[in-house]
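Since this is a predicted model, take the numbers as computed values, not measurements. In listed order, ligands and their atoms are each counted from 1.
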Amino acid sequence: MNADDLKLRAAEAALDLVKPQMKLGLGTGSTAAKFIDLLGARAKSGLDVLCVPTSETTRAQAEAVGLRLTTLEDEPFLDLAIDGADELDRQLRLIKGGGGALLREKIVAAASERMVVIADSSKLVGTIGAFPLPVEVTRFGIRVTHNMIHALAGEAGCRGEITLRRASDGKPFVTENGNLILDCAFGEIGQPELLAEIFSLIPGIVDHGLFLGIADTAFIAGESGVTEITAPEQDEG
Ligand code: 5RP
């Protein structure tokens with residue numbers, strides 16, 4: 001089975017969670033796109049759901065397949081967000097933002113009662129960080145932000161090249177929120193919670209691709225089928 005087939009299998013598993021009248025957050029990326037196609041087919045045969053997209057690409061696809069769309073301004077509480085991931089571990093700590101939509105993806109996930117990740121098994125890793133961590137930053141003071149990430153991430157054991165993301169035309173990649181992205185090739189992020197705490201101290205960081213304590217469930221499709229992983233109980237204290 002190729003990666004595309006596996007993505008489809010994961011998307012099919014998540015589709016089973018969708019019930020009539022649900023309000024859904026729609027993720028961004030090739031795996032989320034499979035889910036949107038499946039959902040569109042269901043909508044055509046009568047399933048009524050209302051969706052908030054996490055990017056303009058997703059909005060265009062969702063519109064094209066005939067899904068009913070809304071905004072977080074009109075519907076600030078969603079039932080379920082379904083999204084892909086660039087990497088995840090068994091505690092459902094994710095790296096997202098490969099497609100540059102991390103901020104909207106995190107806001108939509110936060111607005112949702114439940115976040116479900118769909119991915120092929122290549123995304124499941126022992127320790128996240130081989131995928132360069134996307135960090136969305138303001139244009140203003142980007143060199144300062146870069147230097148601060150470089151200096152402070154080391155306190156969480158994270159060292160590596162920090163690169164300004166560029167679009168295919170060579171110009172800096174600009175997010176839909178008008179910001180830039182620094183991709184941090186740390187290799188391994190042994191203490192993601194500590195790194196996230198450190199990032200919260202750096203004023204030029206708008207958000208980062210670490211999704212910690214956000215996803216509830218992941219459907220991981222591999223050669224032997226789809227495995228469901230559930231997030232560990234959150235410590236209330
Ligand atoms: C976009 C994302 C995507 O979910 C992530 O990049 C995974 O994409 P794909 O399903 O194409 O591998 O975070 O910002």
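By the 6.0 Å and 45° rule, Lys106 stacks over the aromatic ring of Phe211. Cation-pi check for Arg166 over Phe173 is not met; the charged atom does not lie both under 6.0 angstrom from the ring centroid and within 45 degrees of its normal.
Contacts with ligand 1 closer than 4.0 Å are made by backbone heavy atoms (N, CA, C, O) of Ala85 only, the side chain lying farther away.
When only non-hydrogen protein atoms are considered, atom 10 (O) of ligand 1 lies nearest to Thr31 OG1, 2.5 Å. With hydrogens left out, the protein atom closest to atom 1 (C) of ligand 1 is Glu105 OE2, 3.1 Å, a heavy atom. Among protein heavy atoms, atom 11 (O) of ligand 1 sits closest to Ser30 OG, 2.5 Å. If you check which protein heavy atom lies closest to atom 5 (C) of ligand 1, you get Asp86 OD1, 3.1 Å. Shortest contact from atom 3 (C) of ligand 1 to any protein heavy atom: Thr28 O, 3.2 Å.
The residues Glu56 and Arg104 are annotated as salt-bridged, a charged nitrogen and a carboxylate oxygen being separated by less than 4.0 angstrom. In summary, Asp4 and Lys34 engage in a salt bridge, as defined by a charged side-chain N under 4.0 Å from a carboxylate O. Note on Arg68 versus Asp48: salt bridge recorded, some NZ/NE/NH1/NH2 to OD/OE distance being below 4.0 Å. Salt bridge status for Arg93 with Glu193: present, with a side-chain N to carboxylate O gap under 4.0 Å. Ion pair Lys123/Glu87 not flagged as a salt bridge, since none of the NZ, NE, NH1 or NH2 atoms sits closer than 4.0 Å to an Asp/Glu carboxylate oxygen.
In summary, the atoms of ligand 1 found under 4.0 Å from a heavy atom of Gly84, numbered by their order in the structure, are 4 (O). Close approach of ligand 1 to Gly97 is summarised as follows: ligand atoms under 4.0 Å from at least one heavy atom of the residue are 2 (C), 13 (O), 14 (O). Of all atoms in ligand 1, numbered sequentially from 1 with element shown, those under 4.0 Å from a heavy atom of Asp83 are 4 (O). Atom numbering of ligand 1 starts at 1 in the shown order; those under 4.0 Å from a heavy atom of Ala101 are 14 (O).
Taking only non-hydrogen atoms, the option from Ala119, Gly100, Gly29, Gly209 nearest to atom 8 (O) of ligand 1 is Gly29. Between the choices Arg104, Lys96, Lys123, the shortest heavy-atom distance to atom 4 (O) of ligand 1 belongs to Lys96.
Proximity of a side-chain donor or acceptor of Gln21 to a complementary backbone N or O of Val49 within less than 3.5 Å is not detected.
Considering SG of Cys184 and CG of Leu133, their distance stands at 5.5 Å, rounded to 0.5 Å.
An N or O contact shorter than 3.5 Å links Gly99 to ligand 1 by distance.
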